[in-house]
Amino acid sequence: IKYKPPKLINMKFLFTFLFSALFLSSSAQVVTRIIQTFGTGSTTQSDKTTVINGKMYFGGATSSGTEPWVSDGTFAGTFQLKNLNTLGIGSSFPRSFTEFDGEVIFRADDGFTYGGEIYKTDGTTTGTDIYLDYKQGGSDGIVSYTEAPYIGLGGNLIIGGDNVTGIDDQLYEYNPTTGTTSLISQINATGSCECQKFQKLGSKLLFVADNGTSGRELFVYDGVSTASLVLDIQSGSGDSDPDQFAEASANTLIFLADDGTNGEEPWITDGTPGGGAAIRIRGESSLSASNDPLIVIDGVPVDNGGVSG
């Protein structure tokens, strides 16, 4: 049994035990109860839950496979949105739920008609359907191994996917008003860029991609020109794999990355190409020491006066 951190919905906490059930805990009443069980040996995607407008969206596993579910924290409000993959007990494996254009969109695979594409839901069964058949013909427009491969920006949808143009998995922009898709940047000239983990930072858009020479690193798109590499954190073709993005301020982002020497450590950036700095956080042994800074950013001491104990 694997516990997953809770999600706050309407002052109640929803949390899951992987392969088991969805639970509800009310802090006011200090009561925890089962909302929905998914059966022995099920593979509920409790690690891919997303709360949007007071409802939690996730992949729930039942006898019909792993399909999109929604919960508002009540028994009646917890149900399967739709069985998208109807091939026997096939699964659509929904993931990357996010809000866009007044609805919730997510990646799923119906197994035969569309392949891995972007679906939409308004929280009802009838309102759950295909949103964008990004690569027509049953092939995957949105590959299954990318995380958060799209995000809304300026009214359009920025997508890291494989379009019908024959250019393999690059950075595209979809205009829902005109229904057209255009290439923003061919980041990787020889293969898939694996554009994913999109994060807004002011007017910029930061994301992880592989340009074919630098490995998986941090990129930035300003909404106007082509995308650019922010910093080759793990120099050469190694992957620094930036992850766990969090805004430190309106124009500053903190994230984890591996420079190949120090392991996975916190970094900070404002999205300027060529910029970015490592954050060194000292352990308990240096908290009272005056000969070493508590925090060093890119080799520059933030507080080198020590902490008196």
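Because the structure is predicted, anything quoted here is derived from the model rather than measured. Starting from 1, each residue takes its place in the sequence as its number.
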Taking the inter-plane angle between the rings of Phe198 and Phe207 on a 0 to 90° scale, is it parallel (under 30°), tilted (30 to 60°) or perpendicular (over 60°)?
-> tilted
Looking only at heavy atoms, which two atoms of Leu206 and Gly271 are closest? And how far apart?
-> CD2-CA, 3.9 Å
N/O donor-acceptor pair under 3.5 Å between Gln170 side chain and Gly191 backbone | yes
Which pair of non-hydrogen atoms, one from Gly116 and one from Arg107, has the smallest distance, and what is that distance?
-> CA-NH2, 3.4 Å
Determine, using the 4.5 Å side-chain heavy-atom cutoff (strictly less than), whether Leu253 and Leu256 are members of one ILVMFWY cluster.
-> no
Minimal non-hydrogen separation, Ala209 against Phe219, with atom names | O-CE1, 3.4 Å
Is Ile151 close to Lys200 at the side-chain level, that is, under 4.5 Å between some pair of heavy atoms?
-> yes
Tightest non-hydrogen contact, residues Asp110 and Leu84, listed as CB-O, 3.5 Å
Dump the intermediate steps for ring-ring contact (aromatic ring centres under 6.0 Å, His included) on Phe58 and Phe97, then the final yes or no.
-> CA-CA 8 Å; Phe58 61 100; Phe97 293 92; 8.2 Å; no
SB check Asp210 Arg216 (cutoff 4.0 Å) = no
Check: Gln196 side chain, Glu147 main-chain N or O, donor-acceptor pair, under 3.5 Å | yes
Considering non-hydrogen atoms only, spot the tightest contact between Ile118 and Ile159 and give its length.
-> CD1-CD1, 4.1 Å
Go through the side-chain N and O atoms of Glu173 and Asn156 and say whether any donor and acceptor fall under 3.5 Å apart.
-> yes
Look at Lys120 together with Asp129 and state whether they make a salt bridge at an N to O cut-off of under 4.0 Å.
-> no
Taking atom types as modelled and ignoring hydrogens, do the side chains of Ser92 and Asn85 form a donor-acceptor contact shorter than 3.5 angstrom?
-> no
Would you please say whether a donor-acceptor pair under 3.5 Å links the side chains of Thr124 and Asp122?
-> yes
